Amino acid sequence: MPLKDYLKKRNFKKTSEPEGGKPAGEELIFVIHKHRATRLHYDLRLESGGVLKSWAVPKGISMNPEKKHLAVQVEDHPYDYKDFEGVIPEGNYGAGEVMIWDEGIYKPVNAGKSKEDNEKIISDGLSKGRMAFILEGKKLKGEFALVRFRGRGENNWLLIKARDEYADGKIGNEDISARSGKKMNEIKGV
Ligand code: MN
């Protein structure tokens, strides 16, 4: 879902969410937001093609390879959303607190030599409905896969932890921002 859907849903005079941004780094980045909207959920965002491909994960991330968590693809978010932590004001789309729950870099399994190679591997994987990737975050590490949930509409995916040395590990600091160290209740509008 394109970035213009993101832009359409928001009034940037009323929300401090970012409007754009261009990737500068040599590595692909990811961020996971903890978002207390109407319902608490987590948003997985993976840099791809200059934007952040985004999935809402109602149950959050499981380190147990047996637990496949639904991940609903939503509109692409601008690259600068990687830095957004704060409050979306009431009356706006997604109103509520947003925490940078985890952040870091990622690459596809069987990564290529360059960022461009990896972008290609990732976009091919996503078009095929199966994309395996490795997170190097502050909280999350190891291999995960996004697999299209067949028969449930093209936006429904499953997020699955692969069996590796990090499988079944504990996730620390569940309610602490990976960026600011704040708890959800301490996050206020900036
Ligand atoms: Mn959200």
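Here the structure is a predicted model, which is why all the values come from computation and not from measurement. Atoms within a ligand are numbered from 1 in the order they appear, just like the ligands themselves.
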Under the side-chain hydrogen bond (donor to acceptor under 3.5 Å, both in side chains) test against Glu103, which residue among Lys139, Lys82, Arg179 passes? Arg179
If you check every N/O/S atom of His35, which is the one nearest the Mn ion (ligand 1)? ND1
For Ser177, the option from Lys138, Lys183, Glu85 that meets side-chain hydrogen bond (donor to acceptor under 3.5 Å, both in side chains): Glu85
May I ask you to check if any N/O/S atom from His41 comes under 2.8 Å of the Mn ion (ligand 1)? yes
Of all the heavy-atom pairs spanning Arg45 and Ser54, show the shortest one and how long it is. NH1-OG, 2.9 Å
Could you point out which residue of Tyr42, Trp55, Tyr81 forms a ring-ring contact (aromatic ring centres under 6.0 Å, His included) with His33? Tyr81
Could you pull out the atom name of the N/O/S atom in Asp43 that is nearest the Mn ion (ligand 1)? OD2
